[in-house]
J.: 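One structure, pasted below without further comment.
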2 protein chains.
Amino acid sequence: MEKQLNLLKKELQQKSIKMTRQRKEILRLFLTQTHHLLTASEIQQALRQQDHQMDLSTIYRNLETLASAGVLRHIALNDHIARYELVTAHHHHHLICLECNKTELIDLCPFQEINQYVTTQTDFLPTEHRFEIYGYCKDCQKINNQTIDDIFQGRKHS
Amino acid sequence: MEKQLNLLKKELQQKSIKMTRQRKEILRLFLTQTHHLLTASEIQQALRQQDHQMDLSTIYRNLETLASAGVLRHIALNDHIARYELVTAHHHHHLICLECNKTELIDLCPFQEINQYVTTQTDFLPTEHRFEIYGYCKDCQKINNQTIDDIFQGRKHS
DNA sequence: ATTTGTGCAAAGAGTTTGCAACCAT
DNA sequence: ATGGTTGCAAACTCTTTGCACAAAT
């Protein structure tokens, strides 16, 4: 863990970005977080629980800085709140619970086939894509069966 | 066009939602708009040009009402601004220009295959999905070649 | 020593809400 | 008539910015 932070520190230094206490704490959080899609205020709360005060503007600025340094990646879900994840080696997409917002990873990516379609059939130049599946995670399927049945009827595969 | 509005009116009446002047104007806009992914303030501006004043809160409330009536669909892109489109018969996804935000449709949908994977390999219950491809449309590829080359190098298929 | 980063306070954008007046049914 | 709807004003949430001070290199 400290090893990983040191590697990141060197990566940042090459872009003359300083490894401050604040950035270290934010990165440490991403490195330990299993659920690893974090909002600014989730980060603030998590750090507060470890008795680390940090201003929200600092967090926002650092998320942006770390994202443009290529260390974090900005992910926009459908609730209009900015979320970030560590840029990992492997490319993936998300399963997102509509009830609790918990996210799981899937390794499948439909992009290759579709990219071919877009490149050959349109004038569009694709550079990025997003594929997210929304639904209910194991826990929330149990909690809320009535509601889920309603929803499923109303908007199946919409 | 007036025929379509009348059909929609009946559809709304079944849910005891009144077809007000404001709702009619909003729907008329979606029915005539070729580019058909609209934000609240785009709607306000478009209506203002036709000398129809409408308060933003009215627009927000109606977009929400029409969406929960199943007439419109809420689409979240990656810029944290709420967009809506008419719920049409056919299922589609979008190509979105990073430069001008213009959107094109694609009919391809990767969901079927992946749904099978998720259903068989995970405990997740999928109900909705989003697949969007970002890049540069024909016009913006010309305008901005230098920038596009930079971007393409930096984040190819990220 | 220099350059970059922080906290605080204030401002901004997009969106939501309470309420009295209004309009569609 | 009456219950849903509107416009206005104000509030709210998330995010950004200016600035003086502090910390990292």
Side-chain angles (χ1 to χ4, degrees), chain A residues 5-6 8-29 37-48 51-69 71-72 74-84 101, chain B residues 2 5-29 37-48 51-69 71-72 74-84 101:
Chain A
L5 283 173
N6 268 328
L8 286 170
K9 178 173 179 176
K10 280 172 197 152
E11 197 176 329
L12 292 179
Q13 282 180 333
Q14 290 172 6
K15 296 164 186 167
S16 54
I17 296 174
K18 294 174 181 168
M19 179 58 99
T20 61
R21 175 180 69 78
Q22 287 81 347
R23 281 172 192 158
K24 199 177 284 182
E25 282 168 14
I26 291 174
L27 288 170
R28 201 192 306 276
L29 203 61
L37 218 46
L38 295 172
T39 68
S41 88
E42 282 170 356
I43 291 170
Q44 190 183 44
Q45 287 169 30
L47 293 180
R48 187 176 292 145
D51 276 319
H52 292 134
Q53 199 80 294
M54 196 177 310
D55 194 80
L56 262 180
S57 67
T58 302
I59 296 173
Y60 277 111
R61 276 189 280 225
N62 282 332
L63 290 174
E64 158 64 19
T65 301
L66 293 170
S68 63
V71 173
L72 298 180
H74 175 249
I75 305 277
L77 302 187
N78 64 359
D79 59 359
H80 297 187
I81 297 176
R83 287 163 209 277
Y84 288 82
N101 271 319
Chain B
E2 295 308 312
L5 282 172
N6 269 329
L7 286 175
L8 286 170
K9 179 174 180 176
K10 279 172 196 152
E11 197 176 330
L12 292 179
Q13 282 180 335
Q14 289 173 7
K15 298 165 186 168
S16 55
I17 297 174
K18 293 174 181 167
M19 180 57 100
T20 62
R21 175 180 67 79
Q22 289 81 345
R23 282 173 191 155
K24 199 177 283 183
E25 281 167 14
I26 290 174
L27 289 170
R28 201 194 306 277
L29 203 59
L37 217 47
L38 294 173
T39 68
S41 87
E42 282 170 358
I43 291 170
Q44 190 183 44
Q45 286 169 33
L47 293 180
R48 187 174 294 145
D51 276 317
H52 292 134
Q53 200 80 294
M54 196 176 311
D55 194 82
L56 261 180
S57 68
T58 303
I59 296 173
Y60 277 111
R61 275 188 281 227
N62 282 333
L63 290 174
E64 159 64 20
T65 301
L66 294 170
S68 64
V71 173
L72 297 181
H74 175 247
I75 306 276
L77 302 187
N78 64 358
D79 60 359
H80 298 187
I81 298 175
R83 286 162 210 277
Y84 289 81
N101 271 319

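Throughout, protein chains are lettered first and strands after them, A, B, ... in sequence-line order, and every chain is numbered starting at 1.
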J.: Quickly work out the A:His80 NE2 to C:dT16 P distance and round it to whole Å.
T.: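 Spelled out: NE2 on A:His80 to P on C:dT16 is 9 Å.
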J.: Measure from the side chain of A:Thr58, starting at C-beta and using heavy atoms only, and say which of C:dA9, C:dG18, C:dT6 lies closest.
T.: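 Closest nucleotide among those given: C:dT6.
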J.: Near DNA chain C, counting only heavy atoms under 4.0 Å, which residues of residues 12-24 of chain B show up?
T.: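 When residues 12-24 of chain B is checked for heavy atoms under 4.0 Å from DNA chain C, the hits, listed by number, are B:Gln13, B:Lys18, B:Met19.
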J.: So do B:Thr20 and B:Glu25 actually touch side chain to side chain, heavy atoms under 4.5 Å?
T.: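 They are not in side-chain contact.
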J.: May I have the distance from A:Leu66 (atom CG) to C:dT4 (atom C1'), rounded to whole angstrom?
T.: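 For the pair A:Leu66 CG and C:dT4 C1', the rounded distance is 14 Å.
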J.: Could you tell me whether the side chain of A:Met19 reaches within less than 4.5 Å of the side chain of A:Leu8, counting heavy atoms only?
T.: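 Yes, their side chains come closer than 4.5 Å.
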J.: Measure the NZ-CG distance between A:Lys15 and A:Leu66 for me, rounded to the nearest 0.5 Å.
T.: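 These two atoms lie 10.0 Å from each other.
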J.: So, taking the atom named CG in B:Leu63 and the one named OG in B:Ser68, what distance separates them when rounded to the nearest 0.5 Å?
T.: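 That separation rounds to 11.0 Å.
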J.: Taking atom P of C:dC8 as reference, at what distance in whole Å does atom CZ of A:Arg61 sit?
T.: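 Going from CZ in A:Arg61 over to P in C:dC8 covers 12 Å.
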J.: Taking atom CD1 of A:Ile26 and atom CZ of A:Arg21, what is their separation to the nearest 0.5 Å?
T.: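 Between A:Ile26 CD1 and A:Arg21 CZ, I get 10.0 Å after rounding to 0.5 Å.
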J.: For residues 52-67 of chain B, which residue pairs pass the side chain to side chain donor-acceptor pair (under 3.5 Å) check, not counting sequence neighbours?
T.: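 Side chain to side chain donor-acceptor pair (under 3.5 Å) check on residues 52-67 of chain B returns B:Arg23-B:Asn62, B:Asp55-B:Ser57, B:Ser57-B:Arg61.
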J.: Walk along DNA chain D from 5' to 3' and tell me the first and last nucleotide with an atom closer than 4.0 Å to a non-hydrogen atom of chain A.
T.: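 The contacted stretch runs from D:dC14 to D:dT25.
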J.: Using whole Å, report how far CD1 of B:Ile43 lies from C1' of C:dT15.
T.: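 Spelled out: CD1 on B:Ile43 to C1' on C:dT15 is 14 Å.
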J.: Just how far is it from atom CG of A:Leu72 to atom CG of A:Leu27, taken to the nearest 0.5 Å?
T.: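 Answer for the CG-CG pair, A:Leu72 versus A:Leu27, is 6.0 Å.
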J.: Please report the interatomic distance CD1(A:Ile81) to OG(A:Ser41), rounded to the nearest 0.5 Å.
T.: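 That separation rounds to 7.0 Å.
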J.: Looking across every strand, which nucleic acid part, if any, lies under 4.0 Å from B:Ser57 by heavy atom: base, sugar-phosphate, or nothing?
T.: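 The residue B:Ser57 makes base contact.
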J.: Nearest-Å distance, CG (A:Asp55) to P (C:dA10)?
T.: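 That distance rounds to 13 Å.
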J.: Grab the OH-C1' distance between A:Tyr60 and C:dT6 for me, whole Å please.
T.: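 Nearest whole value for this atom pair: 17 Å.
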J.: Please report the distance, rounded to the nearest Å, between CD1 in A:Ile81 and P in C:dT15.
T.: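 So the CD1-P distance, A:Ile81 to C:dT15, works out to 13 Å.
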J.: Grab the NZ-C1' distance between B:Lys10 and C:dA24 for me, whole Å please.
T.: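 In whole Å, C:dA24 C1' and B:Lys10 NZ are 17 Å from each other.
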J.: Looking only at N and O atoms, is any donor in the side chain of B:Arg83 or the base of C:dG14 less than 3.5 Å from an acceptor on the other one?
T.: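 Looking at the base of C:dG14, it does not pair with any donor or acceptor on the side chain of B:Arg83 (distance under 3.5 Å).
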J.: As an exercise, state the distance from NZ of A:Lys24 to CG of A:Asn6, rounded to the nearest 0.5 Å.
T.: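 Answer rounded to 0.5 Å: 7.0 Å.
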